[in-house]
Amino acid sequence: MVRRSGKSPELTAQELGETLVNATPQLSGYNVIKGFLNLSVSASYWGETLHALAAQKSFPQKEEKVMVEYSSPNTNKPLHLGHIRNILMGYSIAEIMKAAGYPVVKANLINDRGIHICKSMLAWQRFGNGENPQDSVLKGDHLVGKYYVVFENKLQEQTSEELAAALAGEWVCSDAKIQKRYLDTYEKLIGSKDEKQVSKFKGDIKDLVRNQSELMKSCQEMLRQWEAKDDAVIQLWSKMNAWVYEGFNRTYDRLGVNFDAMYYESNTYLLGKDIVQEGLNSGVFFKKEDGSVWIDLSSDGLDEKLVQRGDGTSVYITQDMGTADLKYKEHGIQRSVYVVGNEQDYHFKVLFLIMEKLGRSYAKGMYHASYGMVDLPSGKMKSREGTVVDADDLLQEMYDTAKAKTEELGKTDGMSESELHELYHRLSIAALKFFILKVDPRKRMLFNPQESIDFQGDTGPFVMYTYARIKSILRTANFDGETMNTDVVLHQTEMSCIKMLSEFESVVKTAAEEYNPAAICQYVLDLAKSYNKVYNEVSILKEENASLRNMRLFLASQTAQTLQRGLKLIGVETVERM
RNA sequence: GACCUCGUAGCUCAGCUGGAUAGAGCAACUGCCUUCUAAGCAGUAGGUCACAGGUUCGAAUCCUGUCGGGGUCACCA
């Protein structure tokens, strides 16, 4: 602005202030400090603003239909803390998009097939003794997860001697091809000095040995039978998957999330082959001598990327292409949000680029809501080392903490057993959701099970508390939600609270544009803090001026509503008392 | 090795489309419940915004480089 006016910042501000105050009745004055223009606003402005905000209850509707895919679990293991970040983010993004006016479809693409599923199945078949969730203390997903671990342990037992031999260069395999690959790899291992290389070759050898074991061969055989739709295998698969779904659903319910569309990889894993053909015809893809199909993305700064194997079978990205088309066909979506960890940044970059080159109309609406890992104080979560934080355990711990904390405060006289349960539940979920969602999704975050989850300070329960306290006032005042006279002089804290309320819409809009629930958390916290200042500065029930008292009740009521609406966007439910 | 990403108070994080003295919470210390719920409020203390250059009247913010953490570069998913 200074550049345009050609005058000093001070002078520019002077002139601008002068003009603005003259032209706008809501402005009562201005001053300039250090080149910054400060405008003063007239008393009635605040009441009128608040009034206008109350009249507006929803944002303009949009045409563009949005799909948010999240959770997307494997059916061989129970959910853990990493999944929780994904699930909470996905649900919240969907709610924010809805609030911003978009029609939203929440989708879950379940990875219910493949070698890892067969591992659980095989282990259960051999070592399970018919154990099932009805008779077991374990939830279905935990039961299946248990057999996945059993498989890995048995495999290790079966192969440890051979592996030791193989690393000593003394492994003999009956399959000549495998034997040759082993010897080649072993030679490279011996010749390599780079530590990274060494561990890679060791890994390769481990895979060779494991894949030759009886257990892995049976497992691969089972996968072949599954693909051939063998009755017995399909039955076992259906039965165990049903256990897992029942378990997952209980966790989803507890987290308060849901889905509108379910996709299963058992149905989608063959999709995308026609797209490969289409791409070959249009020259977007090309074929190599061995029959494998590729796309050259070097002009976009990326590499060549395989889209179909030489034997005509699919790779990961093949089915993603097919699924993208399927989603579009089924739901007519213009935007597709994939909530997936940032280790897949490259994959999605490639996928979106391919769909664009294939001329898909929806391609520019594809977005990877990428998020960082959740670390523990001990470092990365590793299932092999047993350091994963199980979702169900965590939820239970949170619940117990909420209960203990509430009982300690002793403010719940007269609440029934079920009301108390609901309170503990909502408090624990609020604490968890806030803790996870308030940090920028892109960043990796640290989760300390002992210390992280708090009920004081910048937390979900803090916001819930502000809400409950307001509701308590409104109850005793019997406030009917009507205002009378807006022309009252408000306290400084009240003005800044009204200002915050007026920012709600733009915050939601920005959060939707950036797919960022953290923006909502931050706003809701700030609003609660802002109102808590009001609460401490002014008295409502004791106010004798009827207009002022009424205006204050109105502000309280608007704040409560906005808190509630904001909390809903991150999946947190309020309570009337706590 | 190439590419992507992050580095702000003791700890966990905001701020990042350039603007006033860099903000919260936790932990520590002080106050405030005979007044609407103290899961609250007010205050003290705590910072070379990783480092070095550059662009600009002005840089935590933009650009380049260095260092450090993480990730990706599979005919795995």
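In the text below, chain A, chain B and the rest are named by the order of the sequence lines, each starting its count at 1.
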C1' atoms of A50(B) and C41(B), separation to the nearest Å:
36 Å
Who pairs with U72(B) - Watson-Crick or G-U, where each distance is under 3.5 Å:
A2(B)
From C-beta outward on Q522(A), which listed nucleotide comes closest to its side chain: A39(B), A14(B), C36(B)?
A14(B)
How many Å lie between NZ on K529(A) and P on A24(B), as a whole number?
8 Å
As its Watson-Crick or G-U partner within any shown strand, both distances under 3.5 Å, G65(B) has C51(B)
note: F462(A), atom CZ; A14(B), atom P; distance rounded to Å ~ 18 Å
State which of A77(B), C41(B), C13(B) makes the closest approach to the side chain of Q319(A).
A77(B)
For E537(A), which contact category applies under a 4.0 Å heavy-atom criterion: base, sugar-phosphate, or nothing?
nothing
Can you tell me how far P of C4(B) sits from NZ of K349(A), to the nearest Å?
7 Å
Does C6(B) count as syn, meaning its glycosidic angle lies within 90° of 0, or as anti?
anti
Quick one: is U37(B) close enough that its OP1 or OP2 comes under 4.0 Å of any side-chain N or O from S472(A)?
yes
Need one value for L427(A): base, sugar-phosphate or nothing, where a base atom within 4.0 Å counts as base even if backbone is also close, heavy atoms only.
base
Which heavy atom of T313(A) sits nearest to which heavy atom of Q308(A), and what is that distance?
O-CG, 3.3 Å
Starting at CG of D526(A) and ending at C1' of G23(B), how long is that distance when rounded to a whole Å?
10 Å
Applying the 3.5 Å cut-off to both distances, the Watson-Crick or G-U partner of G40(B) turns out to be C32(B)
Looking at U56(B), which nucleotide sits across from it as a Watson-Crick or G-U wobble partner, both distances under 3.5 angstrom, or is there none?
none
State plainly whether the residues D440(A) and R442(A) are in salt-bridge range, i.e. N to O under 4.0 Å.
yes
C36(B) P sits how many Å from N478(A) CG, rounded?
18 Å
Decide, yes or no, whether a salt bridge links K327(A) with E69(A) under the criterion of side-chain N to carboxylate O below 4.0 Å.
yes
L302(A) CG to A74(B) P, straight-line distance once rounded to whole Å
13 Å
Would you mind telling me which residue lines up with the more 5' stretch of RNA chain B, Q456(A) or G310(A), judged by nearest nucleotide?
Q456(A)
Pick the C1' atom in A14(B) and in G23(B), then give their distance to the nearest Å.
7 Å
At 4.0 Å (heavy atoms only), tell me whether D375(A) reaches a base, stays on the sugar-phosphate, or touches nothing.
nothing
Rounded to the Å, how far apart are D345(A) CG and C3(B) P?
16 Å
Counting the atoms with a prime plus P, OP1 and OP2 as sugar-phosphate, which does D311(A) contact under 4.0 Å by heavy atoms, base, sugar-phosphate, or nothing?
nothing
Quiz item: K542(A) side-chain donor-acceptor pair to U35(B) base, under 3.5 Å
no
Under a 3.5 Å cut-off for both contacts, is U12(B) paired Watson-Crick or G-U wobble with anything, and if yes, with which nucleotide?
A24(B)
Please pick, from C16(B), A77(B), C41(B), the nucleotide with the shortest atom-to-atom distance to any side-chain atom of K533(A).
C41(B)
Could you work out which one of U12(B), C76(B), U37(B) sits closest to the side chain of F435(A)?
U12(B)
Is any NZ, NE, NH1 or NH2 atom of the basic residue among K180(A) and D184(A) found under 4.0 Å from an Asp or Glu carboxylate oxygen of the other?
yes
Base, sugar-phosphate or nothing for N448(A)? Non-hydrogen atoms, less than 4.0 Å.
nothing
Sugar-phosphate only, base, or nothing, as touched by L446(A) at under 4.0 Å among non-hydrogen atoms:
sugar-phosphate
What is the nucleic acid contact for T476(A), judged by heavy atoms within less than 4.0 Å: base, sugar-phosphate only, or nothing?
nothing
Between A39(B), C36(B), C75(B), which one does the side chain of Y465(A) approach most closely?
A39(B)
How would you label the contact of V293(A) with the nucleic acid (heavy atoms, under 4.0 Å): base, sugar-phosphate, or nothing?
nothing
Indicate whether OP1 or OP2 belonging to A38(B) is found under 4.0 Å from a side-chain N or O atom of R469(A).
yes
Quick check on G7(B): is either OP1 or OP2 less than 4.0 Å from any side-chain nitrogen or oxygen of K443(A)?
yes
Value in whole Å for how far the P atom of C11(B) lies from CG of D458(A):
18 Å
Exercise: do Q212(A) and Y182(A) side chains pair donor with acceptor under 3.5 Å
no
By nearest atom, which of the nucleotides A39(B), U37(B), A77(B) is closest to the T406(A) side chain?
A39(B)
How far apart are the C-alpha atoms of L563(A) and T574(A), what are their side-chain angles, what is the distance that settles it, and do they pass the side-chain contact (heavy atoms from CB on, under 4.5 Å) test?
CA-CA 9 Å; L563(A) 287 176; T574(A) 53; 6.0 Å; no
Are E505(A) and K509(A) ion-paired here, with the side-chain N under 4.0 Å from a carboxylate O?
no
Touch class at under 4.0 angstrom, heavy-atom based, for A468(A) against every strand present
base
If you check every side-chain atom of R577(A), which of C75(B), A14(B), U37(B) has the closest atom?
U37(B)
Near-ring test F447(A)/F435(A), centroid separation under 6.0 angstrom
yes
Below 4.0 angstrom from OP1 or OP2 of A38(B), is there any side-chain N or O of Y535(A)?
yes
Hey, is K217(A) close enough to E221(A) for a salt bridge, meaning N to O under 4.0 Å?
no
Between E152(A) and R210(A), does any NZ, NE, NH1 or NH2 come within less than 4.0 Å of an OD or OE carboxylate oxygen?
yes
Test of ring centre spacing under 6.0 Å for W226(A) and Y269(A):
yes
Contacts under 3.5 Å, N or O only, protein and nucleotides 68-72 of chain B:
from   : atom 1 : to      : atom 2 : distance (Å)
G70(B) : O2'    : R444(A) : NE     : 3.4
G70(B) : O2'    : R444(A) : NH2    : 2.6
G71(B) : OP1    : K380(A) : NZ     : 3.0

Using a 4.0 Å heavy-atom cut-off, does E408(A) contact any base of the nucleic acid, only the sugar-phosphate backbone, or nothing at all?
nothing
